[in-house]
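In what follows, every chain begins at residue 1, and chains take the letters A, B, ... in the order their sequences are listed. Quick note: numbers below take in every heavy atom, side chains included, and nothing from hydrogens, waters or symmetry partners.
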Number of protein chains: 2
Amino acid sequence: MDDLTVLRTRSLPGVLEKEIEKAILGGELVPGGRVNENALAGHYGVSRGPLREALRTLQAAGLVVSVPNRGYFVRRVDPAEATQIYDVRAALFGLAGETLARRASEDLVAQLRARLDAMDEAARARDFEAYYPLNLAFHDYIVEAAGNPVLAAHYRDLVKRLNLFRARSLVQGGGLAVSNAEHRAMVEAVARRDPAAARETFANHVARARERLLSAESSAASASST
Amino acid sequence: MDDLTVLRTRSLPGVLEKEIEKAILGGELVPGGRVNENALAGHYGVSRGPLREALRTLQAAGLVVSVPNRGYFVRRVDPAEATQIYDVRAALFGLAGETLARRASEDLVAQLRARLDAMDEAARARDFEAYYPLNLAFHDYIVEAAGNPVLAAHYRDLVKRLNLFRARSLVQGGGLAVSNAEHRAMVEAVARRDPAAARETFANHVARARERLLSAESSAASASST
DNA sequence: CTTCTGTAGATTGTTGACAATCTGCAATCG
DNA sequence: CGATTGCAGATTGTCAACAATCTACAGAAG
């Protein structure tokens, strides 16, 4: 019965899109690599038609690019584009914070503080494995709570594309406590119902995350070239 | 030779996408209306395969929606979603202004002032037909000059979707002078190389445009319901 | 008269096949 | 020996046909 419901709800190109996206974000399809339609179609046991429709959607999302008569390639994001993505993401996240500060209920502030405490604990324990998903959920919760689906959709698109930037060393060791201190300032701005301060702290948080990532990347690049 | 170059550069789904987009934005395909694949394929003299790929891209852009086993429908944007789009657009435009204020050359400021003067003239003459395209080009030039392709792409997507909001009465009569006064404040902030002021004036300009549009819409709605 | 059911037509979903194009290697020519 | 041309295999682009699903209308039952 489950298969039936799935097939009724999601179309075949829809599930393929999610599946391929997972493969890309999971690293099975590496950035810059070619996407073979026949191979993929065979792997999923479907025809090339629905597959190509899924790839078109992924192209619009910026995860792959189509070169006429050459095929699809997994998108490669270089530091320059990563910077651009981060700037846009900061602006959107700032908007999320501003919106949240205007409409925040007491329950919502309590929710944010609870998540903050959980992250603090993980940061103190230097437990990156625990911190990472909490951090992700925290940001996602914020963007969702802002109540603007258009904003949320664009934000998620940007985050997906950032995963194509080869630099898994997202936040290393010392970054945890620093990052969560910024989180606390963000939540306090929301609790004070101060839209301007919220926008600023939220946007700055992403801007600083960008600096952390890019400096880590450049040092890693210079290290590997030595 | 032209056809050959076109076919080499743009793929068939690519040209179909642009063609259908034009039909939607031009009003030939009305919001809420159904899109018949066979009819469209026949109209363009192509098969349904490339057509469906084009529609997938347009779905990702938010211009159409796909309902499984029912087909594609031209997206309808209600006032609530238009508000959300405007909020995101304001944040992005604010980022464009901030970026511009940091990197503006003298030439760029001169360019902006020249466009400003042209719009002033049209506004004084109450010549909406002349003002409208100048205004569009002004905004597009700014977003382009910010030098962030990711920002530009997202911004353009939002503008396209706003065209689906049924309210062609974009700016009526008196709005022209007001709007251009805001433009002048924006350009002056850029000329002063003041990023914070630029962000604020740019974002506020879009927010005010939203208010102008939505109040016009609601008054038109109450008038039509009377 | 209203409601339900069944059927015919239309429309979308998917597939497999054919045509066009590209890539890589080998043979030939200068 | 290097460069170029030609060919074979692989891959993408497009199409037309078939299967599945939905819509609308007609007819029958309550």
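Which of C:dT15, D:dC15, C:dT12 sits closest to the side chain of B:Ser47 comes down to D:dC15. Listed candidates were C:dG13, D:dC22, D:dT14. Nearest to the side chain of B:Glu37 is C:dG13.
Scanning for salt bridge (charged side-chain N to carboxylate O under 4.0 Å, His left out) contacts around B:Asp78 gives an empty result, with sequence neighbours left out. Every residue meeting the side-chain hydrogen bond (donor to acceptor under 3.5 Å, both in side chains) condition with B:Arg102, not counting sequence neighbours, appears here in chain and number order: B:Glu98. In this structure A:Lys22 satisfies the salt bridge (charged side-chain N to carboxylate O under 4.0 Å, His left out) test together with A:Glu19, sequence neighbours excluded. Taking A:His205 as the reference, A:His139, A:His183 meet the ring pair (Phe, Tyr, Trp, His ring centres under 6.0 Å) condition, with sequence neighbours excluded.
Under a cutoff of 6.0 Å and an axis angle of 45°, A:Arg34 and A:Tyr72 do not form a cation-pi pair.
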Could you list the donor-acceptor pairs under 3.5 angstrom formed between side-chain atoms of residues 38-49 of chain B and any protein atom two or more places apart in sequence or on another chain?
residue: B:Arg48; atom: NE; partner: B:Glu37; partner atom: OE1; Å: 3.0
residue: B:Arg48; atom: NH2; partner: B:Glu37; partner atom: OE1; Å: 3.2

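Looking at heavy-atom distances under 4.0 Å, B:Gly49 makes no contact with the nucleic acid at all. Among the heavy atoms of the strands lying under 4.0 Å from B:Arg52 is at least one base atom, whether or not backbone atoms are also near. Contact annotation for B:Arg48: base contact, defined as any heavy-atom pair under 4.0 Å involving a base atom.
For residues 54-67 of chain B, proximity to DNA chain D is found at no residue, defined as any non-hydrogen atom under 4.0 angstrom from a strand atom.
Between C:dA10 and B:Asn36, no contact under 4.0 Å exists linking OP1 or OP2 to a side-chain N or O. Taking only side-chain nitrogens and oxygens, A:Asn69 never comes nearer than 4.0 Å to OP1 or OP2 of C:dA20.
For the pair B:Leu51 CG and D:dA16 C1', the interatomic distance rounds to 15 Å; values are reported in whole Å. If you measure from atom CG of B:Asn38 to atom C1' of D:dC18, you get 14 Å, rounded to the nearest angstrom. B:Phe73 has its CZ atom 9 Å from the P atom of C:dT12, to the nearest Å. Here the C1' atom of nucleotide C:dT12 and the CZ atom of B:Arg34 are 9 Å apart, to the nearest Å.
In terms of position on DNA chain C, the residue among A:Glu53 and A:Arg70 whose nearest nucleotide sits closer to the 5' end is A:Glu53.
Residues B:Arg89 and B:Tyr155 have side chains that bring a donor and an acceptor to within less than 3.5 angstrom of each other.
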